[in-house]
2 protein chains.
Amino acid sequence: MKLSTRTRYGVRAALELAANQSKGPVQIKTIAHRQDISIKYLEQLMAILKSAGLVRSIRGAKGGYILAKPANQIKLSDVFNALEGPVTTVECLENKNYCARVTDCVTRQVWAEVQQAIMSVLQSMTLQDLINRTKDKKTLNYQI
Amino acid sequence: MKLSTRTRYGVRAALELAANQSKGPVQIKTIAHRQDISIKYLEQLMAILKSAGLVRSIRGAKGGYILAKPANQIKLSDVFNALEGPVTTVECLENKNYCARVTDCVTRQVWAEVQQAIMSVLQSMTLQDLINRTKDKKTLNYQI
DNA sequence: AGTATTCCTACCTTATTAGTAGTATATTAT
DNA sequence: ATAATATACTACTAATAAGGTAGGAATACT
Ligand code: FES
Ligand code: FES
C-alpha cells in the first residue's frame, strides 16, 4: 500500500504554491525544477488540481499557478482526493450495488474503518499547517 | 488507494479457516468454491500466508489448511502485512537513506501518521472478532 | 510580432496485479 | 503396491495501472 508519485508530487507542488502565496504565480517549470519532477508530467498533475478547484492558472507570459484558496483552507485530504482518487479500500464502500451481501458483510466494516482513519488524519491538516512546520520558510524542506 | 484482491481474498480465506477451526483442515478447493476464487490463485495466496506463519498446511488426501494459531491471536494486520506487504506510504519510512532531507521533511511526518492510523485499526481486530460479528456463524456473510 | 506560458490529447514504456498451467511431492485409503 | 487426493513449486501469460514523453494549439504579456 504505497502512495503514488502523483500524490507525492502533487503535495509538493501544492506546498510550493502555498509557500509563494504572496509572491504571485509560480510556473510549472519552476516547481518542476525545484522539486525535480518532469515538466510534462507535472503539467498533467496541475491540471488535475485545477479541475478539483484547488489551484487557479494564469496563462501566457508571466503566468503560472496560484492556490485557489488561502493555504489554511486547503486540507491535505483535498489534495489527496484529487490525485489519488477517493480512498476507497473496497469498491462497495462507494458503490453499494457492487457486492451482493453488503448489508451484513463483516469485512466491509473493517475497510470502512480503515478508510475513515486515513481520512481523519488528512482532514486535520492544511497546507498552511505544513508550511508552519518548516523552520526556514524560504527553503522548503521536503522531498519524495 | 485500493485494496488488492490478494488481501481481500486472503482475508476471506483466513476467515473461512477461522470459522472451521474446530472442524479440521479445509481444502483450498473448498474455500475457492465457497468464496468464488480461482483455485490456482488461492493456492499461491495460501502459500504466502503459510510462509508468514499464519496457517499450517496438511498435505495429501484429507489434507488442507488450518490456522497456525487460535483465531483470537491473529490480527488483521498480520494478514494484511503478509499479503499487501508492509503499509509503507512512502519509502523513506522504512528506509531512512531513501530521501536526502529526511530529518526535517514535513510531509514525511504526515505519511507516518497516516500509516500509523491504518495500522492501529488493523491491529485492533482479530479474525475471531470478525467471526463474532457474524450473526449466523454457519454461513459467513462476507464477500469481496 | 514574438515570446512565454498553460492547455489538450495522444502515445509509449514499465511495473504490478491477477490469473493460468503443468508437474512434482506427500499422505491417506483401499 | 496402487490409486486418489492434497499441497508445493515454478514458470508463464494477460490485463491494468502507473509513470512519463511528445507535439502542437491557445492565450496573454511585452
Ligand atoms: S460486501 Fe463488499 S466488501 Fe463485503
Ligand atoms: S524525506 Fe522522504 S518523504 Fe520527505
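Residue numbering restarts at 1 for every chain, and letters A, B, ... go by the order of the sequence lines.
Both A/Ile58 and A/Arg6 sit near DNA chain D, but only A/Arg6 has its closest nucleotide nearer the 5' end. In this structure, A/Val26 and B/Gly60 both approach DNA chain C, and ranking their closest nucleotides by distance from the 5' end singles out A/Val26.
Proximity of residues 36-50 of chain B to DNA chain C (heavy atom under 4.0 angstrom from any strand atom) is restricted to B/Ser38, B/Lys40, B/Tyr41, B/Gln44.
Rounded to an integer number of Å, the gap from B/Tyr65 OH to C/dT27 P is 14 Å. For A/Leu83 and D/dG19, the CG to P distance is 11 Å, given to the nearest whole Å. The interatomic distance linking A/Arg56 (CZ) with D/dA28 (C1') rounds to 17 Å, in whole Å. What separates NZ of A/Lys2 from C1' of C/dT17 is a distance of 14 Å, to the nearest Å. Rounding to whole angstrom units, CD of residue A/Gln35 and C1' of D/dG20 are separated by 18 Å.
In terms of hydrophobic clustering, with Ile, Leu, Val, Met, Phe, Trp and Tyr side chains grouped at heavy-atom distances under 4.5 Å, B/Val79 and B/Ile131 are assigned to a common cluster.
For the OP1/OP2 pair of C/dC7 and a distance below 4.0 Å, the side-chain nitrogens and oxygens of A/Ser57 include at least one atom meeting the criterion. At the phosphate of D/dA6, neither OP1 nor OP2 sits under 4.0 Å from any side-chain N or O atom of B/Lys62. Using a 4.0 Å cut-off, no side-chain N or O of B/Thr5 falls inside it from OP1 or OP2 of C/dT17.
The line from CG of B/Leu122 to CE of B/Met125 is 6.5 Å long, rounded to the nearest 0.5 Å.
For a distance-only test at 3.5 Å, the side chain of A/Arg59 qualifies as a donor-acceptor partner of the base of D/dA26.
When distances run from any side-chain atom of A/Gln27 to the nucleotides D/dT7, C/dT6, C/dT17, the shortest one goes to C/dT6. When the nucleotides D/dT5, D/dG20, D/dA8 are ranked by their closest atom to the side chain of A/Tyr9, D/dG20 comes out on top.
Between A/Leu127 and A/Leu76, the closest side-chain pair of non-hydrogen atoms falls below 4.5 Å. No side-chain heavy atom of B/Gln35 sits less than 4.5 Å from a side-chain heavy atom of B/Leu42.
Side-chain atoms of B/Gln27 come within 3.5 Å of backbone atoms of B/Gly63 as a donor-acceptor pair (strictly under, hydrogens ignored).
Ring-plane geometry between B/Tyr9 and B/Tyr41 is classed as perpendicular, the angle between the planes exceeding 60 degrees on a 0 to 90 degree scale with a lower cut at 30.
The 12-atom threshold is exceeded at NZ of B/Lys69, counting heavy atoms of other residues, nucleotides or ligands nearer than 6.0 Å.
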